[in-house]
Amino acid sequence: MKSTRKGLRSDELYKDTYERLNCAECEQTLATENLSDEVYNVRKCPDCGREWKELP
C-alpha cells in the first residue's frame, strides 16, 4: 500500500479545486477509514477499491 504523497507524485491521485483527494482512474473522491490501533488513516476509492496510507 502506497502513501497518498507517493500516489500524488505518480499521478494515481489528484486534488480537485476543493483540495479533496480523488482517484485518477475512476475520478471518485476517496473515503477515509480510521484504524484505531494504527498511526495512519487508510484512504480508499469507493469504486475501484484501491487503498493508500495517509500519514498525519
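Quick note: residue numbers are just sequence positions, from 1.
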**Message:** Rounded to the nearest 0.5 Å, what separates atom CD in Glu51 from atom SG in Cys23?
**Reply:** 12.0 Å
**Request:** State, with a plain yes or no, whether a side-chain heavy atom of Leu30 is found less than 4.5 Å away from one of Asn22.
**Result:** no
**Message:** Can you tell me how far apart CD (Glu54) and OH (Tyr40) are? Round to the nearest 0.5 Å.
**Reply:** 12.5 Å
**Step-by-step side-chain hydrogen bond (donor to acceptor under 3.5 Å, both in side chains) determination, Thr4 to Arg43** = CA-CA 8 Å; Thr4 54; Arg43 300 297 301 260; over 6 Å; no
**Message:** Using side-chain heavy atoms (C-beta onward) and a distance below 4.5 Å, is Trp52 in contact with Glu12?
**Reply:** yes
**Prompt:** Can you check side-chain contact (heavy atoms from CB on, under 4.5 Å) on Leu21 and Thr29, steps first, answer last?
**Reply:** CA-CA 6 Å; Leu21 287 173; Thr29 302; over 6 Å; no
**Request:** Go through the steps for Lys2 and Ser10 under the test side-chain contact (heavy atoms from CB on, under 4.5 Å), then give the verdict.
**Result:** CA-CA 10 Å; Lys2 289 184 178 180; Ser10 64; 3.8 Å; yes
**Item:** From CA spacing to verdict: side-chain contact (heavy atoms from CB on, under 4.5 Å), Val42, Leu35
**Value:** CA-CA 7 Å; Val42 174; Leu35 303 174; 3.6 Å; yes
**Message:** If I take atom SG from residue Cys48 and atom CD from residue Glu25, how far apart are they, to the nearest 0.5 angstrom?
**Reply:** 5.0 Å
**Asked** CE of Met1 to NZ of Lys44: how many Å apart, nearest 0.5 Å?
**Response** 9.5 Å
